[in-house]
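If you scroll down you'll find the structure; I have some questions about it.
The chain is numbered in sequence order, starting from 1.
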Amino acid sequence: MNDCFRQAASMLVLCPKGEQQLILLLHKPRKRDAWQLPQGGIEAGETLEQAAKRELMEEAGITDIEIIGKSERVYEYKFPASYRRFRPDHICGQQIGFVFARVDADCVVQVDNAEVDRFVWVTREELPKYLKRKEYIGLVQHLVEEALQCL
């Protein structure tokens, strides 16, 4: 069987704070690349938007959102060989699509303390303090630009 990419969905969530829009980042309990946007696999029969909403609810407990758009960008990456050794399938990486949403300033985030153990609301300027891979920082900064155009 040929290797293939897992289809995944991610949600860039904006929250107003004064004149700024803050971005939600979630922390996964692992050593590398622990901070990221809410994301996860698209299940059979789900659209990109449905999967992004489900993942946001599962990872951050947020259900009251306004979808404001989606990106045409897809972020593709391959899993490292060290990770693939533990996968019993032919999935070689992920292709992630992105949905944009906004929440009210009083939005409550509740992480599950298992898959996700922390969260933070950050400004665009603070993204490099949390995101470590240059390619991912650039992607998220571009997505923020796109999302702001939808407001």
Side-chain angles (χ1 to χ4, degrees), residues 3-42 46-62 65-87 91-105 107-151:
D3 284 351
C4 67
F5 287 89
R6 175 183 183 223
Q7 298 303 302
S10 181
M11 176 122 14
L12 183 126
V13 182
L14 298 174
C15 180
K17 182 176 183 189
E19 296 296 309
Q20 296 193 72
Q21 293 288 328
L22 300 181
I23 301 122
L24 177 64
L25 295 179
L26 301 179
H27 184 271
K28 301 222 171 177
R30 58 186 181 213
K31 289 183 181 176
R32 296 189 46 169
D33 301 322
W35 289 100
Q36 64 183 42
L37 299 174
Q39 71 177 50
I42 297 175
E46 281 185 321
T47 65
L48 174 68
E49 185 177 303
Q50 290 168 335
K53 287 167 95 170
R54 178 183 48 74
E55 286 294 335
L56 181 64
M57 191 273 300
E58 289 175 4
E59 295 184 347
I62 299 173
I65 61 170
E66 176 189 356
I67 300 291
I68 58 172
K70 76 176 198 173
S71 180
E72 294 301 314
R73 267 181 195 239
V74 173
Y75 181 56
E76 178 180 291
Y77 66 91
K78 290 192 172 186
F79 294 140
S82 59
Y83 177 74
R84 287 217 46 207
R85 278 199 315 256
F86 299 104
R87 286 193 71 98
I91 305 297
C92 66
Q94 290 200 117
Q95 292 176 329
I96 306 171
F98 299 90
V99 176
F100 308 135
R102 69 176 163 192
V103 296
D104 292 334
C107 175
V108 174
V109 178
Q110 279 196 285
V111 298
D112 63 11
N113 287 311
E115 184 180 3
V116 175
D117 61 0
R118 288 183 275 161
F119 74 93
V120 66
W121 290 101
V122 299
T123 64
R124 287 173 54 194
E125 295 75 28
E126 293 172 316
L127 286 169
K129 287 172 36 181
Y130 295 90
L131 308 178
K132 298 304 174 200
R133 280 179 287 135
K134 268 188 184 154
E135 185 181 355
Y136 191 62
I137 294 167
L139 170 73
V140 174
Q141 288 173 331
H142 178 83
L143 293 169
V144 171
E145 284 295 318
E146 277 190 70
L148 292 173
Q149 298 300 314
C150 297
L151 293 178

To the nearest 0.5 Å, what is the distance between CG on Leu127 and CZ on Arg124?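 CZ of Arg124 is found 8.5 Å from CG of Leu127.
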
Would you call the rings of Phe79 and Tyr77 parallel, tilted or perpendicular, where under 30° means parallel and over 60° means perpendicular?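 The rings of Phe79 and Tyr77 stand perpendicular, inter-plane angle above 60°.
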
Apply side-chain contact (heavy atoms from CB on, under 4.5 Å) to Ile62 and Met57, showing your working. CA-CA 5 Å; Ile62 299 173; Met57 191 273 300; over 6 Å; no

For atom CD of Glu66, decide whether the heavy atoms of other residues, nucleotides or ligands shown that lie under 6.0 angstrom number more than 12.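 Atom CD in Glu66 is crowded, with more than 12 foreign heavy atoms closer than 6.0 Å.
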
Does atom CD of Gln110 have more than 12 heavy-atom neighbours, drawn from other residues, nucleotides or ligands, at distances under 6.0 Å?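 No, the 6.0 Å shell around CD holds no more than 12 heavy atoms from other groups.
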
Quick check for you: to the nearest 0.5 Å, what is the distance between Met11 atom CE and Lys53 atom NZ?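 With rounding to 0.5 Å, CE (Met11) is 7.5 Å from NZ (Lys53).
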
Heavy-atom neighbours of Glu72 CD exceed 12 at 6.0 Å: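 No - once you tally the heavy atoms of other residues, nucleotides and ligands closer than 6.0 Å, there are 12 at most.
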
Gln50 side chain vs Thr47 backbone, donor-acceptor pair below 3.5 Å: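 Judged by distance alone, yes, a pair lies under 3.5 Å.
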
Would you say Asp117 and Val111 make side-chain contact, with heavy atoms under 4.5 Å?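 No, side chains not in contact.
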
Which residue in the set Glu49, Glu46, Glu59 passes side-chain hydrogen bond (donor to acceptor under 3.5 Å, both in side chains) when paired with Arg54?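 Only one option passes, and that is Glu46.
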
Closest non-hydrogen atom pair between Asp112 and Glu58, with its separation: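 Result for this residue pair: OD2-O, 4.1 Å.
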
Can you find a heavy atom in the side chain of Val99 that is under 4.5 Å from one in the side chain of Ser10?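 No, their side chains stay 4.5 Å or more apart.
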
Compare all side-chain heavy atoms of Phe5 with those of Glu76 and state whether any distance is below 4.5 angstrom.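 The answer is yes; the side chains approach within 4.5 Å.
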
Where is the tightest heavy-atom contact between Gly41 and Arg6, given as atom of each residue plus distance?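 Closest pair (atom of Gly41, atom of Arg6, distance): N-NH2, 2.8 Å.
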
Nearest heavy atoms of Gln94 and Ala8, plus distance in Å: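 Of all heavy-atom pairs spanning Gln94 and Ala8, the closest is OE1-CB, 3.6 Å.
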
Kindly give the heavy-atom pair with the smallest separation between Thr123 and Ile23, and that separation in Å.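 The pair with the smallest heavy-atom distance is C-CD1, 4.0 Å.
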
Find the distance between CZ (Arg102) and CD1 (Ile67) and round it off to the nearest 0.5 Å.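 Atom-to-atom, Arg102:CZ and Ile67:CD1 are 11.5 Å apart.
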
Write down the atom of Leu25, the atom of Tyr130, and the distance for their closest heavy-atom approach.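 For Leu25 versus Tyr130, the nearest heavy atoms are CD1-CB, 3.6 Å.
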
Separation of Arg118 CZ from Trp35 CH2 (nearest 0.5 Å):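 Spacing of CH2 (Trp35) from CZ (Arg118) equals 5.0 Å.
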
Do Phe100 and Leu14 make a side-chain contact, defined as non-hydrogen atoms from C-beta onward lying under 4.5 Å apart?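 Sidechains of Leu14 and Phe100: no contact.
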
Would you mind telling me which of Cys107, Pro38, Cys15 makes a side chain to side chain contact (heavy atoms under 4.5 Å, CB included) with Leu24?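 Single side chain to side chain contact (heavy atoms under 4.5 Å, CB included) partner of Leu24 among Cys107, Pro38, Cys15: Pro38.
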
Which heavy atom of Ser71 sits nearest a heavy atom of Glu146, and at what distance?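 Nearest pair, atom of Ser71 first, then Glu146: OG-OE2, 2.8 Å.
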
Can you tell me how far the OH atom of Tyr75 sits from the OH atom of Tyr136, to the nearest 0.5 Å?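 Answer for the OH-OH pair, Tyr75 versus Tyr136, is 7.5 Å.
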
Using side-chain heavy atoms (C-beta onward) and a distance below 4.5 Å, is Lys129 in contact with Val122?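 When only atoms from C-beta onward are counted, Val122 and Lys129 do not touch, as no gap falls below 4.5 Å.
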
How many angstroms lie between CG in Leu12 and NZ in Lys70, if you round to the nearest 0.5 Å?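 Those atoms lie 15.0 Å apart.
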
